[in-house]
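To start, the structure itself, in structure tokens.
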Amino acid sequence: GFFRRTNEIIKRNTQQEFAIMYLNLVDFKIINDLYGYEIGDMILNDLVVQLQNSFLKPILVARMVADQFTLLINKRNLDSDKVFTFYISL
């Protein structure tokens, strides 16, 4: 899964620095309870697309469990002001 692929990417790109970002969508269960799992999955899929198209430009996005995601990011894409603004906009 995520950790195996991350390890492979890091080994192939020894000159780059990476960061791992963990996202936990707090209380996302409420969405599933109110609208059903099909709608919840559509929202999660949309979130992944937004993440992939964001300034973070993650190399790898993995859904770990239910509403928890892990991203492998090139460290040069991290900017604390942008991360905070992106977090607020979600």
Side-chain angles (χ1 to χ4, degrees):
F2 176 81
F3 297 108
R4 179 186 53 77
R5 291 179 64 197
T6 296
N7 192 36
E8 291 169 359
I9 291 167
I10 291 171
K11 282 182 179 179
R12 284 194 314 263
N13 299 280
T14 57
Q15 301 301 314
Q16 295 183 35
E17 292 184 318
F18 298 94
I20 293 177
M21 181 179 279
Y22 171 78
L23 302 175
N24 183 7
L25 306 178
V26 178
D27 295 328
F28 191 81
K29 181 181 181 315
I30 294 169
I31 300 293
N32 286 332
D33 291 346
L34 288 174
Y35 302 104
Y37 290 102
E38 187 174 320
I39 297 297
D41 284 346
M42 287 173 50
I43 292 169
L44 292 176
N45 286 330
D46 185 55
L47 171 67
V48 169
V49 169
Q50 287 183 44
L51 287 168
Q52 290 171 330
N53 293 323
S54 75
F55 68 94
L56 294 169
K57 300 194 181 349
I59 299 162
L60 189 58
V61 178
R63 184 176 182 183
M64 303 305 278
V65 216
D67 55 2
Q68 299 171 15
F69 291 83
T70 306
L71 289 70
L72 177 66
I73 302 165
N74 190 307
K75 196 172 177 182
R76 72 173 181 258
N77 293 343
L78 289 180
D79 176 322
S80 59
D81 291 335
K82 286 183 181 178
V83 169
F84 181 73
T85 302
F86 184 72
Y87 168 76
I88 297 301
S89 70
L90 289 176

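Below, each value reflects all heavy atoms present in this structure, side chains not excepted, and no hydrogens, waters or symmetry copies.
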Show me the donor-acceptor pairs within less than 3.5 Å that the side chains of residues 34-48 make with the rest of the protein, sequence neighbours left out.
from  : atom 1 : to    : atom 2 : distance (Å)
Asn45 : ND2    : Asp41 : O      : 3.2
Asp46 : OD2    : Gln50 : NE2    : 2.8

Sequence neighbours excluded, the answer for salt bridge (charged side-chain N to carboxylate O under 4.0 Å, His left out) partners of Glu17 is none
Is there a side-chain contact between Ile31 and Asp67 (heavy atoms, below 4.5 Å)? no
Residues forming a salt bridge (charged side-chain N to carboxylate O under 4.0 Å, His left out) with Arg4, sequence neighbours excluded: Glu8
Check each of Val61, Leu56, Leu51 against Ile73 using the side-chain contact (heavy atoms from CB on, under 4.5 Å) test, and report the only one that passes. Leu56
If you measure from NZ on Lys75 to CD on Gln16, what distance do you get to the nearest 0.5 Å? 13.0 Å
Across all chains, not counting sequence neighbours, the salt bridge (charged side-chain N to carboxylate O under 4.0 Å, His left out) partners of Lys57 are none
Kindly give the cluster partners of Tyr22, where membership spreads through any ILVMFWY side chain lying under 4.5 Å from a current member. none
Using links of under 4.5 Å between side-chain heavy atoms of ILVMFWY residues, direct or through other members, which residues join Phe3 in one cluster? Phe2, Ile9, Ile10, Phe18, Ile20, Ile59, Leu60, Met64, Val65, Leu72
ILVMFWY cluster, Phe69 and Ile30 together (side-chain gap under 4.5 Å): yes
Would you find more than 12 non-hydrogen atoms of other residues, nucleotides or ligands less than 6.0 Å from Asn53 atom CG? yes
